[in-house]
Participant: 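To start, I am sharing the structure in question, which I have written as C-alpha coordinates.
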Amino acid sequence: MTIAYEAVSATELLDEYRPGSSSIFSSPRHTLLAGGVADVVAPAWTMRELAERVREHRDLVLGAIPFDDPASARLITPVRARWADPFVPGEAPPRQGARPWRITPVPTPSEHLEGVRRVLELLATGAVEKVVLARSLELTSPEPADIATMVRRLAVRDPHGHVFAVDLPGGRTLVGASPELLVSRDGPAVVANPLAGSAARSADRAEDRRRAAALLCSAKEQHEHAVVVEAVAAALAPHCRALSVPAEPSLICTSTMWHLSSRITGRLADPRTTSLDLAVALHPTPAVCGTPTVAARAAIAGIEPFDRGFYTGMVGWCDASGDGEWAVAIRCAEVTGGGIRLFAGGGIVTGSVPEEELAETSAKFRTLLQALGLAPDLDVDLGSGPDAVPALDAVPALDAVPALDAVPGPAAAVAGEQPLREDA
(Lines give C-alpha, C1' and ligand atoms only; values in the text may rest on other atoms or scores of the structure.)
Protein backbone atom coordinates (compact mmCIF):
# COMPACT_ATOMS: atom_id res chain seq x y z
CA MET A 1 0.00 0.00 0.00
CA THR A 2 1.09 3.57 -0.61
CA ILE A 3 0.69 5.48 2.64
CA ALA A 4 -0.23 9.16 2.39
CA TYR A 5 1.70 10.86 5.16
CA GLU A 6 0.38 14.15 6.46
CA ALA A 7 2.54 17.16 7.29
CA VAL A 8 2.23 16.38 10.99
CA SER A 9 4.48 14.63 13.48
CA ALA A 10 3.65 11.54 15.49
CA THR A 11 3.47 13.75 18.57
CA GLU A 12 0.87 15.94 16.89
CA LEU A 13 -1.20 12.86 16.06
CA LEU A 14 -0.90 11.77 19.68
CA ASP A 15 -2.23 15.18 20.74
CA GLU A 16 -5.41 14.30 18.85
CA TYR A 17 -5.71 10.80 20.32
CA ARG A 18 -8.86 10.40 22.43
CA PRO A 19 -9.31 7.23 24.51
CA GLY A 20 -12.67 5.65 23.81
CA SER A 21 -13.08 7.12 20.34
CA SER A 22 -9.73 6.49 18.63
CA SER A 23 -6.74 4.15 18.56
CA ILE A 24 -3.05 4.75 17.86
CA PHE A 25 -0.33 2.39 16.66
CA SER A 26 3.27 3.39 16.07
CA SER A 27 6.17 1.32 14.73
CA PRO A 28 9.75 2.10 13.69
CA ARG A 29 8.29 2.85 10.22
CA HIS A 30 5.27 5.09 10.86
CA THR A 31 2.43 6.14 13.16
CA LEU A 32 -1.27 5.48 12.54
CA LEU A 33 -4.10 7.34 14.27
CA ALA A 34 -7.49 5.73 13.66
CA GLY A 35 -10.58 7.71 14.57
CA GLY A 36 -14.15 6.48 14.86
CA VAL A 37 -15.59 3.12 13.84
CA ALA A 38 -16.97 2.69 10.33
CA ASP A 39 -17.22 -1.11 10.52
CA VAL A 40 -16.34 -4.04 12.79
CA VAL A 41 -14.95 -7.38 11.60
CA ALA A 42 -17.42 -10.08 12.64
CA PRO A 43 -16.34 -12.56 15.33
CA ALA A 44 -14.68 -15.80 14.25
CA TRP A 45 -14.13 -19.06 16.11
CA THR A 46 -10.63 -19.76 14.75
CA MET A 47 -7.63 -17.61 13.88
CA ARG A 48 -7.71 -18.75 10.27
CA GLU A 49 -11.39 -17.88 9.95
CA LEU A 50 -10.61 -14.43 11.37
CA ALA A 51 -7.83 -13.90 8.82
CA GLU A 52 -10.22 -14.94 6.05
CA ARG A 53 -12.81 -12.42 7.20
CA VAL A 54 -10.21 -9.65 7.19
CA ARG A 55 -9.18 -10.65 3.65
CA GLU A 56 -12.81 -10.47 2.53
CA HIS A 57 -13.25 -7.15 4.34
CA ARG A 58 -11.13 -5.40 1.69
CA ASP A 59 -10.45 -2.31 3.79
CA LEU A 60 -8.03 -1.06 6.42
CA VAL A 61 -8.51 -2.81 9.76
CA LEU A 62 -6.78 -2.07 13.04
CA GLY A 63 -7.05 -3.68 16.43
CA ALA A 64 -6.01 -6.50 18.72
CA ILE A 65 -6.44 -10.27 18.86
CA PRO A 66 -6.32 -12.21 22.17
CA PHE A 67 -3.79 -14.92 22.97
CA ASP A 68 -6.28 -17.78 22.91
CA ASP A 69 -9.76 -16.47 22.04
CA PRO A 70 -10.20 -15.27 18.44
CA ALA A 71 -13.94 -14.81 19.01
CA SER A 72 -13.08 -11.87 21.30
CA ALA A 73 -10.83 -10.14 18.75
CA ARG A 74 -11.46 -6.43 18.24
CA LEU A 75 -10.73 -5.41 14.64
CA ILE A 76 -12.35 -2.28 13.23
CA THR A 77 -12.29 -0.16 10.09
CA PRO A 78 -11.87 3.44 11.22
CA VAL A 79 -13.83 6.40 9.89
CA ARG A 80 -10.57 8.30 9.53
CA ALA A 81 -6.97 7.06 9.22
CA ARG A 82 -4.08 9.50 9.52
CA TRP A 83 -0.41 8.62 9.04
CA ALA A 84 2.81 10.26 10.22
CA ASP A 85 6.46 9.36 10.73
CA PRO A 86 7.53 7.37 13.83
CA PHE A 87 7.96 8.86 17.26
CA VAL A 88 11.35 10.29 18.21
CA PRO A 89 13.06 10.24 21.64
CA GLY A 90 12.09 13.03 23.99
CA GLU A 91 11.45 14.06 27.57
CA ALA A 92 8.72 12.26 29.47
CA PRO A 93 5.89 14.53 30.64
CA PRO A 94 6.19 15.47 34.33
CA ARG A 95 3.73 14.31 36.94
CA GLN A 96 0.92 16.72 37.79
CA GLY A 97 0.47 15.86 41.45
CA ALA A 98 0.74 12.54 43.26
CA ARG A 99 -1.54 9.63 42.39
CA PRO A 100 -1.19 6.62 44.71
CA TRP A 101 -1.81 3.18 43.26
CA ARG A 102 -2.71 0.08 45.19
CA ILE A 103 -0.96 -2.95 43.69
CA THR A 104 -2.06 -6.57 44.06
CA PRO A 105 0.12 -9.25 42.45
CA VAL A 106 -1.77 -12.14 40.80
CA PRO A 107 -0.41 -14.69 41.45
CA THR A 108 1.58 -13.72 44.54
CA PRO A 109 5.37 -13.87 44.13
CA SER A 110 5.55 -17.10 46.14
CA GLU A 111 2.83 -18.64 43.97
CA HIS A 112 4.69 -17.64 40.82
CA LEU A 113 7.86 -19.26 42.17
CA GLU A 114 5.88 -22.45 42.77
CA GLY A 115 4.47 -22.24 39.24
CA VAL A 116 8.00 -22.04 37.80
CA ARG A 117 8.98 -25.09 39.84
CA ARG A 118 5.98 -26.99 38.44
CA VAL A 119 7.10 -26.11 34.91
CA LEU A 120 10.63 -27.33 35.69
CA GLU A 121 9.15 -30.65 36.82
CA LEU A 122 7.29 -30.90 33.49
CA LEU A 123 10.50 -30.14 31.62
CA ALA A 124 12.27 -32.94 33.47
CA THR A 125 9.70 -35.46 32.17
CA GLY A 126 10.38 -34.47 28.56
CA ALA A 127 6.70 -33.60 27.99
CA VAL A 128 7.56 -30.04 27.06
CA GLU A 129 10.71 -28.15 26.01
CA LYS A 130 9.72 -24.61 27.01
CA VAL A 131 6.79 -22.90 28.73
CA VAL A 132 6.26 -19.15 28.95
CA LEU A 133 4.77 -18.44 32.36
CA ALA A 134 3.25 -15.04 33.11
CA ARG A 135 1.98 -13.10 36.10
CA SER A 136 -0.01 -9.90 36.49
CA LEU A 137 -0.34 -6.84 38.69
CA GLU A 138 -3.78 -5.40 39.44
CA LEU A 139 -3.63 -1.66 40.11
CA THR A 140 -6.42 0.45 41.55
CA SER A 141 -6.59 4.17 42.30
CA PRO A 142 -9.33 6.62 43.26
CA GLU A 143 -8.79 8.35 39.90
CA PRO A 144 -8.77 6.74 36.44
CA ALA A 145 -5.48 6.42 34.59
CA ASP A 146 -4.47 9.15 32.16
CA ILE A 147 -4.12 6.94 29.08
CA ALA A 148 -2.86 9.68 26.77
CA THR A 149 -0.04 10.51 29.20
CA MET A 150 0.81 6.82 29.50
CA VAL A 151 1.16 6.56 25.72
CA ARG A 152 3.26 9.71 25.61
CA ARG A 153 5.66 8.34 28.24
CA LEU A 154 5.92 5.03 26.40
CA ALA A 155 6.58 6.80 23.09
CA VAL A 156 9.40 9.03 24.33
CA ARG A 157 11.13 6.21 26.24
CA ASP A 158 10.91 3.53 23.53
CA PRO A 159 10.18 5.31 20.25
CA HIS A 160 11.71 2.52 18.16
CA GLY A 161 9.31 -0.08 19.52
CA HIS A 162 5.62 -0.62 18.77
CA VAL A 163 3.63 1.81 20.90
CA PHE A 164 -0.12 1.34 20.94
CA ALA A 165 -3.39 2.28 22.60
CA VAL A 166 -6.24 0.27 21.10
CA ASP A 167 -9.88 0.84 22.02
CA LEU A 168 -11.62 -2.33 23.25
CA PRO A 169 -15.28 -3.07 24.02
CA GLY A 170 -16.61 -2.30 27.49
CA GLY A 171 -14.69 0.93 28.00
CA ARG A 172 -11.32 -0.83 28.00
CA THR A 173 -8.06 0.17 26.33
CA LEU A 174 -5.05 -2.02 25.52
CA VAL A 175 -1.94 0.12 26.10
CA GLY A 176 1.67 -0.91 25.60
CA ALA A 177 5.08 -0.59 24.01
CA SER A 178 6.02 -3.93 22.48
CA PRO A 179 9.63 -4.42 21.40
CA GLU A 180 8.71 -7.46 19.30
CA LEU A 181 7.52 -7.40 15.69
CA LEU A 182 5.55 -10.57 15.03
CA VAL A 183 5.47 -9.95 11.28
CA SER A 184 5.07 -7.20 8.69
CA ARG A 185 4.26 -7.30 4.99
CA ASP A 186 5.09 -4.49 2.59
CA GLY A 187 4.30 -5.68 -0.92
CA PRO A 188 6.36 -8.86 -1.37
CA ALA A 189 8.71 -8.01 1.54
CA VAL A 190 8.14 -9.99 4.74
CA VAL A 191 9.89 -9.27 8.05
CA ALA A 192 9.68 -11.02 11.42
CA ASN A 193 11.79 -10.11 14.43
CA PRO A 194 11.49 -12.73 17.18
CA LEU A 195 12.98 -11.90 20.58
CA ALA A 196 13.84 -14.46 23.23
CA GLY A 197 16.43 -14.28 25.96
CA SER A 198 16.27 -11.26 28.23
CA ALA A 199 18.17 -9.36 30.91
CA ALA A 200 17.16 -6.32 32.94
CA ARG A 201 18.85 -2.98 32.18
CA SER A 202 20.85 -1.22 34.88
CA ALA A 203 21.21 2.54 35.41
CA ASP A 204 24.89 1.87 36.14
CA ARG A 205 26.70 1.85 32.78
CA ALA A 206 29.31 -0.72 33.77
CA GLU A 207 26.72 -3.09 35.17
CA ASP A 208 24.50 -2.53 32.12
CA ARG A 209 27.41 -3.56 29.85
CA ARG A 210 28.12 -6.61 31.99
CA ARG A 211 24.49 -7.77 31.79
CA ALA A 212 24.41 -7.31 28.03
CA ALA A 213 27.62 -9.31 27.60
CA ALA A 214 26.37 -12.07 29.89
CA LEU A 215 23.12 -12.35 27.94
CA LEU A 216 24.92 -12.55 24.62
CA CYS A 217 27.26 -15.27 25.88
CA SER A 218 24.72 -17.36 27.83
CA ALA A 219 24.33 -20.87 26.40
CA LYS A 220 20.90 -21.16 28.06
CA GLU A 221 19.63 -17.89 26.56
CA GLN A 222 21.12 -18.72 23.14
CA HIS A 223 19.31 -22.06 23.16
CA GLU A 224 16.02 -20.46 24.18
CA HIS A 225 16.40 -17.94 21.36
CA ALA A 226 17.27 -20.61 18.79
CA VAL A 227 14.07 -22.55 19.61
CA VAL A 228 11.99 -19.46 18.81
CA VAL A 229 13.88 -18.55 15.63
CA GLU A 230 13.58 -22.09 14.26
CA ALA A 231 9.82 -22.10 14.88
CA VAL A 232 9.31 -18.70 13.25
CA ALA A 233 11.38 -19.65 10.20
CA ALA A 234 9.51 -22.96 9.84
CA ALA A 235 6.13 -21.19 10.00
CA LEU A 236 7.12 -18.55 7.41
CA ALA A 237 8.84 -20.93 4.98
CA PRO A 238 5.63 -22.22 3.28
CA HIS A 239 4.60 -18.63 2.56
CA CYS A 240 7.92 -17.32 1.24
CA ARG A 241 9.93 -18.15 -1.89
CA ALA A 242 13.07 -16.86 -0.21
CA LEU A 243 13.90 -16.59 3.49
CA SER A 244 16.97 -15.14 5.21
CA VAL A 245 17.63 -16.21 8.80
CA PRO A 246 20.60 -14.83 10.79
CA ALA A 247 23.07 -17.44 11.94
CA GLU A 248 23.42 -15.72 15.32
CA PRO A 249 21.30 -13.27 17.31
CA SER A 250 22.16 -9.65 17.96
CA LEU A 251 21.42 -7.48 20.99
CA ILE A 252 18.68 -4.89 21.16
CA CYS A 253 17.27 -3.06 24.14
CA THR A 254 14.36 -1.08 25.45
CA SER A 255 14.61 1.46 28.25
CA THR A 256 14.26 -1.41 30.75
CA MET A 257 15.44 -4.66 29.10
CA TRP A 258 18.14 -6.25 26.92
CA HIS A 259 16.98 -8.90 24.42
CA LEU A 260 18.46 -11.36 21.97
CA SER A 261 17.03 -10.53 18.54
CA SER A 262 16.96 -12.11 15.08
CA ARG A 263 15.58 -10.17 12.11
CA ILE A 264 14.18 -12.67 9.60
CA THR A 265 13.36 -11.44 6.09
CA GLY A 266 11.62 -13.10 3.17
CA ARG A 267 9.87 -12.62 -0.18
CA LEU A 268 6.21 -13.51 -0.34
CA ALA A 269 5.33 -16.51 -2.52
CA ASP A 270 1.64 -15.71 -3.06
CA PRO A 271 0.53 -12.04 -3.24
CA ARG A 272 -2.89 -13.04 -1.90
CA THR A 273 -1.32 -13.87 1.48
CA THR A 274 -2.01 -10.96 3.84
CA SER A 275 -0.01 -9.73 6.80
CA LEU A 276 -2.68 -11.20 9.09
CA ASP A 277 -2.44 -14.57 7.30
CA LEU A 278 1.27 -14.54 8.16
CA ALA A 279 0.62 -13.46 11.75
CA VAL A 280 -1.90 -16.26 12.23
CA ALA A 281 0.57 -18.78 10.79
CA LEU A 282 3.13 -17.66 13.39
CA HIS A 283 0.93 -17.32 16.46
CA PRO A 284 1.64 -18.36 19.12
CA THR A 285 5.41 -18.44 18.80
CA PRO A 286 7.51 -20.20 21.47
CA ALA A 287 8.42 -16.69 22.71
CA VAL A 288 4.94 -16.23 24.21
CA CYS A 289 3.67 -19.78 24.65
CA GLY A 290 6.42 -22.40 24.56
CA THR A 291 7.04 -25.60 22.67
CA PRO A 292 5.54 -28.00 21.76
CA THR A 293 2.61 -25.60 21.47
CA VAL A 294 -0.19 -27.93 22.63
CA ALA A 295 1.70 -29.09 25.71
CA ALA A 296 2.84 -25.56 26.54
CA ARG A 297 -0.73 -24.21 26.22
CA ALA A 298 -1.95 -26.92 28.58
CA ALA A 299 0.73 -26.05 31.13
CA ILE A 300 -0.18 -22.36 30.97
CA ALA A 301 -3.88 -23.11 31.42
CA GLY A 302 -3.14 -25.34 34.40
CA ILE A 303 -0.71 -23.04 36.21
CA GLU A 304 -1.54 -19.39 35.46
CA PRO A 305 -4.42 -18.26 37.74
CA PHE A 306 -5.80 -15.65 35.34
CA ASP A 307 -7.02 -15.20 31.78
CA ARG A 308 -4.34 -13.57 29.64
CA GLY A 309 -6.91 -11.85 27.47
CA PHE A 310 -5.07 -9.78 24.85
CA TYR A 311 -1.69 -10.19 26.54
CA THR A 312 0.67 -12.23 24.29
CA GLY A 313 -1.86 -11.95 21.48
CA MET A 314 -1.20 -9.52 18.63
CA VAL A 315 -1.90 -5.88 17.89
CA GLY A 316 -1.58 -4.03 14.59
CA TRP A 317 -3.18 -3.32 11.24
CA CYS A 318 -3.82 -4.78 7.79
CA ASP A 319 -4.97 -2.85 4.71
CA ALA A 320 -6.99 -3.78 1.63
CA SER A 321 -3.85 -4.84 -0.27
CA GLY A 322 -2.75 -7.18 2.52
CA ASP A 323 0.12 -5.01 3.74
CA GLY A 324 0.36 -4.47 7.48
CA GLU A 325 2.26 -4.76 10.74
CA TRP A 326 1.50 -6.98 13.72
CA ALA A 327 3.35 -6.69 17.02
CA VAL A 328 3.31 -9.22 19.83
CA ALA A 329 1.12 -7.82 22.61
CA ILE A 330 3.69 -7.70 25.40
CA ARG A 331 4.86 -4.89 27.70
CA CYS A 332 1.19 -4.00 27.89
CA ALA A 333 -1.71 -3.33 30.20
CA GLU A 334 -5.49 -3.44 30.01
CA VAL A 335 -6.91 -0.17 31.32
CA THR A 336 -10.49 0.29 32.55
CA GLY A 337 -12.22 3.04 34.47
CA GLY A 338 -11.74 1.06 37.66
CA GLY A 339 -8.11 0.06 37.36
CA ILE A 340 -5.29 -1.46 35.35
CA ARG A 341 -3.98 -4.97 34.78
CA LEU A 342 -0.29 -5.23 33.90
CA PHE A 343 1.27 -8.42 32.52
CA ALA A 344 4.77 -9.85 32.27
CA GLY A 345 6.18 -13.29 31.63
CA GLY A 346 9.29 -15.26 30.85
CA GLY A 347 10.34 -18.43 29.10
CA ILE A 348 11.07 -21.38 31.37
CA VAL A 349 13.55 -23.92 30.03
CA THR A 350 15.80 -26.53 31.62
CA GLY A 351 18.25 -24.66 33.79
CA SER A 352 15.89 -21.81 34.65
CA VAL A 353 16.11 -20.57 38.25
CA PRO A 354 12.74 -19.65 39.81
CA GLU A 355 14.05 -16.58 41.65
CA GLU A 356 15.69 -15.27 38.48
CA GLU A 357 12.47 -15.78 36.52
CA LEU A 358 10.54 -13.80 39.14
CA ALA A 359 13.09 -10.99 38.95
CA GLU A 360 12.81 -10.94 35.14
CA THR A 361 9.06 -10.41 35.25
CA SER A 362 9.57 -7.61 37.78
CA ALA A 363 11.98 -5.90 35.39
CA LYS A 364 9.49 -6.21 32.53
CA PHE A 365 6.74 -4.62 34.64
CA ARG A 366 8.85 -1.46 34.83
CA THR A 367 7.87 -0.39 31.30
CA LEU A 368 4.24 0.18 32.27
CA LEU A 369 4.99 1.23 35.86
CA GLN A 370 7.15 4.02 34.44
CA ALA A 371 4.35 4.95 32.06
CA LEU A 372 2.17 5.46 35.13
CA GLY A 373 4.81 7.66 36.74
CA LEU A 374 5.80 5.07 39.35
CA ALA A 375 9.31 4.48 40.62
CA PRO A 376 11.39 2.65 37.98
CA ASP A 377 13.19 0.63 40.68
CA LEU A 378 9.97 -0.34 42.45
CA ASP A 379 10.28 -3.81 43.98
CA VAL A 380 6.92 -5.49 43.43
CA ASP A 381 8.16 -8.93 44.50
CA LEU A 382 8.05 -8.47 48.26
CA GLY A 383 5.00 -9.46 50.22
CA SER A 384 1.86 -11.25 49.15
CA GLY A 385 -0.68 -8.53 49.90
CA PRO A 386 -1.51 -5.26 48.16
CA ASP A 387 0.79 -2.28 48.62
CA ALA A 388 0.04 1.41 48.30
CA VAL A 389 2.63 2.92 45.98
CA PRO A 390 3.35 6.64 45.73
CA ALA A 391 3.88 8.30 42.36
CA LEU A 392 7.00 10.24 41.46
CA ASP A 393 6.99 13.82 40.25
CA ALA A 394 9.12 12.73 37.30
CA VAL A 395 10.53 9.45 36.05
CA PRO A 396 14.21 9.55 35.09
CA ALA A 397 15.16 7.74 31.93
CA LEU A 398 18.12 5.40 31.69
CA ASP A 399 21.22 6.63 29.97
CA ALA A 400 21.69 6.03 26.27
CA VAL A 401 22.66 2.52 25.21
CA PRO A 402 26.34 1.94 26.00
CA ALA A 403 28.77 0.96 23.30
CA LEU A 404 29.45 -2.76 23.20
CA ASP A 405 32.74 -2.76 21.36
CA ALA A 406 34.38 -4.77 24.15
CA VAL A 407 31.61 -7.33 24.51
CA PRO A 408 32.84 -10.85 23.67
CA GLY A 409 30.78 -13.55 22.00
CA PRO A 410 28.76 -13.74 18.77
CA ALA A 411 27.68 -10.54 17.06
CA ALA A 412 29.71 -8.52 19.56
CA ALA A 413 27.79 -5.35 18.89
CA VAL A 414 24.23 -4.24 18.50
CA ALA A 415 24.44 -5.34 14.88
CA GLY A 416 22.69 -2.60 13.01
CA GLU A 417 19.58 -2.47 15.21
CA GLN A 418 17.98 0.71 16.49
CA PRO A 419 19.47 1.56 19.90
CA LEU A 420 16.13 1.50 21.69
CA ARG A 421 13.36 -0.87 20.84
CA GLU A 422 11.28 -9.77 23.92
CA ASP A 423 10.03 -13.10 25.04
CA ALA A 424 6.92 -12.15 26.98
Participant: When rounded to the nearest 0.5 angstrom, what is the spacing between CZ in Arg205 and CG in Asp208?
Facilitator: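 Taking CZ in Arg205 and CG in Asp208, the distance rounds to 8.0 Å.
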Participant: Name the atoms and distances for all side-chain donor-acceptor pairs under 3.5 Å in residues 298-308, with sequence neighbours left out.
Facilitator:
from	atom 1	to	atom 2	distance (Å)
Glu304	OE1	Arg308	NE	3.0
Glu304	OE2	Ala134	N	2.7
Glu304	OE2	Arg308	NE	3.3
Glu304	OE2	Arg308	NH2	2.8
Asp307	OD1	Gly309	N	2.9
Arg308	NH1	Val288	O	2.8
Arg308	NH1	Thr312	OG1	3.0
Arg308	NH2	Val132	O	2.8

Participant: Indicate the atoms forming the closest heavy-atom contact of Gly197 with Glu221, along with that distance.
Facilitator: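 Closest approach of Gly197 to Glu221: CA-OE1, 3.0 Å.
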Participant: Glu325 and His162: side-chain donor and acceptor closer than 3.5 Å?
Facilitator: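 Not at all, the side chains of Glu325 and His162 share no donor-acceptor pair under 3.5 Å.
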Participant: Answer yes when Arg118 and Glu121 have at least one side-chain N-carboxylate O distance shorter than 4.0 Å, and no when they do not.
Facilitator: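 Salt bridge: no.
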Participant: Would Thr46 and Leu50 count as a side chain to side chain contact (heavy atoms under 4.5 Å, CB included) here? Give the steps.
Facilitator: CA-CA 6 Å; Thr46 68; Leu50 184 63; over 6 Å; no
Participant: Hey, does the side chain of Asp186 reach the backbone of Gly324 with a donor-acceptor pair shorter than 3.5 angstrom?
Facilitator: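 No, because the side chain of Asp186 does not come within donor-acceptor range (under 3.5 Å) of the backbone of Gly324.
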Participant: Apply side chain to side chain contact (heavy atoms under 4.5 Å, CB included) to Val61 and Trp317, showing your working.
Facilitator: CA-CA 6 Å; Val61 299; Trp317 60 273; over 6 Å; no
Participant: May I ask you to decide whether Arg185 forms a salt bridge with Asp277, counting only side-chain N to carboxylate O separations under 4.0 Å?
Facilitator: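 Looking at Arg185 and Asp277, the cut-off is not met.
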Participant: Dump the intermediate steps for salt bridge (Lys or Arg N to Asp or Glu O under 4.0 Å) on Arg201 and Glu360, then the final yes or no.
Facilitator: CA-CA 10 Å; Arg201 300 288 307 276; Glu360 180 179 322; over 6 Å; no
Participant: Donor-acceptor pair, Asp59 side chain versus Ala320 backbone, under 3.5 Å?
Facilitator: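 A pair under 3.5 Å: no.
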Participant: So, the side chain of Thr291 versus the backbone of Thr293: is there a donor-acceptor pair under 3.5 Å, distance only?
Facilitator: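 No, the answer is negative, given that no donor and acceptor are paired below the 3.5 Å cut-off.
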Participant: For residues 263-303, which residue pairs qualify under ring pair (Phe, Tyr, Trp, His ring centres under 6.0 Å), counting only residues two or more places apart or in two chains?
Facilitator: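 For residues 263-303, and leaving out neighbouring residues, the ring pair (Phe, Tyr, Trp, His ring centres under 6.0 Å) pairs sorted by first residue read Phe67-His283.
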Participant: Can you run down the side chain to side chain donor-acceptor pair (under 3.5 Å) pairs that involve residues 225-237, sequence neighbours left out, and say none if there aren't any?
Facilitator: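 Those involving residues 225-237 are His225-Ser262.
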Participant: Working note: Leu133 + His112, criterion side chain to side chain contact (heavy atoms under 4.5 Å, CB included); need CA distance, chi angles, decisive distance, verdict.
Facilitator: CA-CA 8 Å; Leu133 201 62; His112 186 71; 4.1 Å; yes
Participant: State plainly whether the residues Glu334 and Arg172 are in salt-bridge range, i.e. N to O under 4.0 Å.
Facilitator: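 Counted as a salt bridge, because a side-chain N and a carboxylate O are separated by less than 4.0 Å.
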Participant: So, taking the atom named CG in Leu14 and the one named OG in Ser26, what distance separates them when rounded to the nearest 0.5 Å?
Facilitator: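 Rounded to the nearest 0.5 Å, the CG-OG separation comes to 9.5 Å.
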Participant: Pairing donors with acceptors under 3.5 angstrom, does anything connect the side chains of Trp258 and Ser198?
Facilitator: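 No, no side-chain donor-acceptor contact under 3.5 Å.
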Participant: Among Val229, Thr285, Val183, Leu260, which one satisfies side-chain contact (heavy atoms from CB on, under 4.5 Å) with Pro194?
Facilitator: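 Among Val229, Thr285, Val183, Leu260, the one meeting side-chain contact (heavy atoms from CB on, under 4.5 Å) with Pro194 is Val229.
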Participant: Okay, side chain of Asp158, backbone of Gly161: is any donor-acceptor separation there less than 3.5 Å?
Facilitator: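 A pair under 3.5 Å: no.
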Participant: For atom CZ of Arg48, is the number of surrounding heavy atoms from other residues, nucleotides or ligands below 6.0 Å larger than 12?
Facilitator: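 Atom CZ in Arg48 is not crowded, with 12 or fewer foreign heavy atoms closer than 6.0 Å.
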Participant: Hey, is Glu56 close enough to Arg53 for a salt bridge, meaning N to O under 4.0 Å?
Facilitator: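 Not counted as a salt bridge, because no side-chain N and carboxylate O are separated by less than 4.0 Å.
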Participant: Do Arg135 and Thr361 meet the criterion of a side-chain donor-acceptor pair at a distance under 3.5 Å?
Facilitator: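 Judged by distance alone, the side chains do pair up.
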Participant: Just do the salt bridge (Lys or Arg N to Asp or Glu O under 4.0 Å) check on Arg29 and Asp85 with the steps written out, would you?
Facilitator: CA-CA 7 Å; Arg29 297 173 58 201; Asp85 288 330; over 6 Å; no
Participant: Roughly how far, to the nearest 0.5 Å, is CG of Leu181 from CH2 of Trp326?
Facilitator: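 Atom-to-atom, Trp326:CH2 and Leu181:CG are 12.0 Å apart.
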Participant: For the residue pair Ser202 / Asp204, report whether a side-chain donor-acceptor contact shorter than 3.5 Å exists.
Facilitator: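 No, no side-chain donor-acceptor pair sits under 3.5 Å.
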Participant: Examine the side chains of Ser22 and Asp167 and answer whether a donor and an acceptor come within less than 3.5 Å of each other.
Facilitator: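 No donor-acceptor contact under 3.5 Å links the two side chains.
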